[in-house]
Amino acid sequence: MHNAEKNILVLVGSSSWDTISTPNSKLISKTDCPGKVTNRPGGVILNIADHIAKKNEFTENILFFSSVGSDFEGRQIIQKIKKSGISTINIRKEDNASDKFVGIESKDGSLFLAISDFSCIKKAEPKLLEAITNNKSILNKKVRKTILMDGNLSEKTIFQIFDQPNLYDENFNIISVSAPKSKKLSKVISYAGQKKINLCVYLNLSEANAIARKSFRSIKSAAIFLLKLGSSQVVITDGANKVFSAKKMNNSMVFSDHKPNRLNVSTTLGAGDIFAAEHIISKITYPDTEDKTHLVRSTSESKKYLHNQTKIKSI
């Protein structure tokens, strides 16, 4: 039985204007490399919200809390959100520029270098928190809620969302956004453990290393560390090699992994966001399914999407 109608998805984080550059050949330092430059609305939380909204039964269940600037890019982001069918009532509009992300890919589609400016979401955080606190659907204790936050939010705001009395027993999820920004998640995960909050963290192996400030020999070792630190569940990706889930169950740890078949795609940017979206959808829709099945299903659905996107880009 599908459980989408029984859940409200609360998504909190940054919506950005992304500039993605892809070279035609190998990148050479200090050289003007020919290639393709694409501008588009993006950001982890918007990518996830947009993908979840594509599953028609979820669209009306999404409460999307984010921010945009008063510039052209902000208007384009708003248009993207409206086109997805997501309500913009909880989008805070600031007088400054929208958040920006500039990514330079290698020829194979992997990220070579990125610069991000997320000052808009930082300015909007107090207003977003107030909107969350006063939202009637969130105040309704009879409705189950799944909360997603991205790692661009400040520790203070994440702690305050954790501490909302009407969210205490709900399922929290944090999406890590990059290895440098992941370091702060150590305090967030530890706080969740102390408060006994049900927290699932989505990240890749390099981000796990950044949180621990060490290099793990295996994904399993990284997962054990994060569970001991305070997570209820961690879902770790290691590129195309493996996806791994570790979960606390009673007084033990349960591990699952899946090695997907290789898929050649034109870009890997956003692939982790799509995987996280599919995994969350799977957990909500099939709550009694074992973790291995969630990994297989979400990987399979992500590959379908990425394959289609690659065909679109190549036309």
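We're numbering straight along the sequence, starting at 1.
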Worksheet item: Can you list the steps and then say if K100 with I115 is a side chain to side chain contact (heavy atoms under 4.5 Å, CB included)?
Response: CA-CA 8 Å; K100 304 288 196 305; I115 297 175; over 6 Å; no
Worksheet item: So does E130 have more than 12 non-hydrogen atoms from other groups sitting under 6.0 Å from CD?
Response: no
Response to the item:
Note: C200 and V235 closest approach over all heavy atoms is SG-CG2, 4.0 Å
Worksheet entry | Connected via hydrophobic side-chain network under 4.5 Å: F159 and I161 | yes
Item to complete: Determine whether more than 12 heavy atoms belonging to other residues, nucleotides or ligands lie under 6.0 Å from atom NZ of K196.
Response: no
Practice prompt. Please check if the side chain of N152 supplies one atom and the backbone of V177 the other of a donor-acceptor pair under 3.5 Å.
Written response: no
Fill in: Nearest heavy atoms of S206 and A179, plus distance in Å
O-CB, 4.0 Å
Worksheet item: Okay, side chain of K145, backbone of V143: is any donor-acceptor separation there less than 3.5 Å?
Response: yes
Item to complete: Mind checking the OG-CZ spacing from S231 to F172? Nearest 0.5 Å is all I need.
Response: 13.5 Å
Worksheet item: Does the side chain of L295 reach to within under 4.5 Å of the side chain of F275, using non-hydrogen atoms?
Response: yes
Worksheet entry | Nearest heavy atoms of L63 and S137, plus distance in Å | CD1-CB, 3.9 Å
Discussion item. Testing the basics here: between A49 and I62, what is the closest heavy-atom pair and its distance to 0.1 Å?
Written reply: O-CD1, 3.8 Å
Practice prompt. Keeping the roles fixed (side chain from D99, backbone from C120), state whether a donor-acceptor pair exists under 3.5 Å.
Written response: yes
Fill in: Mutual orientation of the aromatic rings belonging to F244 and F255 [parallel < 30°, tilted 30-60°, perpendicular > 60°]
tilted
Worksheet item: Can a donor-acceptor pair be found between the side chains of T19 and N39 at a distance below 3.5 Å?
Response: yes
Worksheet item: Is I8 reachable from I132 through a run of I, L, V, M, F, W or Y residues, each pair having side-chain heavy atoms under 4.5 Å apart?
Response: yes
Discussion item. So does S252 get a backbone contact from the side chain of N250, meaning a donor-acceptor N/O pair under 3.5 Å?
Written reply: no
Pairs of donor and acceptor atoms involving the side chains of residues 183-190, under 3.5 Å and at least two apart or interchain, shall be tabulated with distances.
residue: K184; atom: NZ; partner: G151; partner atom: O; Å: 2.7
residue: K184; atom: NZ; partner: L153; partner atom: O; Å: 2.5
residue: S190; atom: OG; partner: Q194; partner atom: NE2; Å: 3.3

Worksheet item: Is the backbone of E278 close enough, under 3.5 Å, to the side chain of S298 for a donor and an acceptor to pair up by distance?
Response: no
Practice prompt. Provide the closest heavy-atom pair for D273 versus N47 in the form atom of the first, atom of the second, distance.
Written response: OD2-ND2, 2.9 Å
Practice prompt. Under the side chain to side chain contact (heavy atoms under 4.5 Å, CB included) rule, what do M149 and T157 come out as? Steps first, then yes or no, please.
Written response: CA-CA 10 Å; M149 300 178 284; T157 295; over 6 Å; no
Worksheet item: Side-chain contact, heavy-atom cut-off 4.5 Å: N90 with N135?
Response: yes
Discussion item. Is the shortest side-chain heavy-atom distance between V201 and L226 below 4.5 Å?
Written reply: no
Worksheet, complete the sentence: OG1 of T133 to CG of N166, rounded to nearest 0.5 Å, is 9.0 Å
Item to complete: Any chance you could lay out the side chain to side chain contact (heavy atoms under 4.5 Å, CB included) test for L128 and I121, step after step, and finish with the verdict?
Response: CA-CA 9 Å; L128 294 177; I121 188 68; 3.5 Å; yes
Worksheet, complete the sentence: For residues 206-221, the salt bridge (charged side-chain N to carboxylate O under 4.0 Å, His left out) pairs (sequence neighbours left out) are none
Fill in: Rounded distance (nearest 0.5 Å) linking atom CG of L199 with atom CG of L227
10.5 Å
Worksheet item: So do the side chains of S15 and F64 get within less than 4.5 Å of each other, counting heavy atoms only?
Response: yes
Worksheet entry | Under 3.5 Å donor-acceptor, T293 side chain and D291 backbone | no
Fill in: Backbone N/O of A277 and side chain of Y202: donor-acceptor pair under 3.5 Å
no
Fill in: Side chain to side chain, I211 and L229, heavy atoms closer than 4.5 Å
yes
Item to complete: Show the numbers, then the answer: is there a side chain to side chain contact (heavy atoms under 4.5 Å, CB included) between E155 and Y191?
Response: CA-CA 10 Å; E155 295 168 27; Y191 186 86; over 6 Å; no
Fill in: F72 with I81, same ILVMFWY side-chain cluster at under 4.5 Å
no
Item to complete: Decide yes or no for K228 and M253: does some side-chain heavy atom of the first lie under 4.5 Å from some side-chain heavy atom of the second?
Response: yes
Worksheet item: Does H279 reach the main-chain N or O of H294 with its side chain, forming a donor-acceptor pair under 3.5 Å?
Response: no
Fill in: From CD1 (I174) to CG (L203), nearest 0.5 Å
10.5 Å
Worksheet, complete the sentence: Taken to the nearest 0.5 Å, the spacing of I52 CD1 from L9 CG works out to 5.5 Å
Worksheet item: Does some side-chain heavy atom of K292 sit less than 4.5 Å from a side-chain heavy atom of D257?
Response: yes
Item to complete: Any chance you could lay out the side-chain hydrogen bond (donor to acceptor under 3.5 Å, both in side chains) test for N173 and K283, step after step, and finish with the verdict?
Response: CA-CA 12 Å; N173 302 268; K283 288 194 298 182; 3.3 Å; yes
Worksheet entry | Nearest heavy-atom neighbours spanning A222 and A208 | CB-CB, 4.0 Å
Practice prompt. Using a 4.5 Å cut-off on heavy atoms from C-beta on, say whether the side chain of E170 contacts that of N198.
Written response: no
Worksheet item: Side chains of E125 and S154: is there a donor and an acceptor less than 3.5 Å apart?
Response: yes
Discussion item. Taking V296 as the starting point, is it possible to reach V243 by hopping between hydrophobic residues whose side chains are less than 4.5 Å apart?
Written reply: no
Fill in: Atom NZ of K181 with >12 non-hydrogen neighbours under 6.0 angstrom
yes
Fill in: Hydrophobic cluster identity match, F162 and F65, side-chain contacts under 4.5 Å
yes
Worksheet item: How about K80: does its NZ atom have over 12 heavy atoms from other parts shown lying under 6.0 Å from it?
Response: no
Worksheet item: Atom NZ in K248, atom CG in N251: separation rounded to 0.5 Å?
Response: 10.5 Å
Worksheet item: Taking D71 for the side chain and S98 for the main chain, is one N or O donor matched with an acceptor at less than 3.5 Å?
Response: yes
Discussion item. Is it the case that the side chain of T285 and the backbone of S282 share a donor-acceptor pair, with hydrogens and angles ignored and the cut-off at 3.5 Å?
Written reply: no
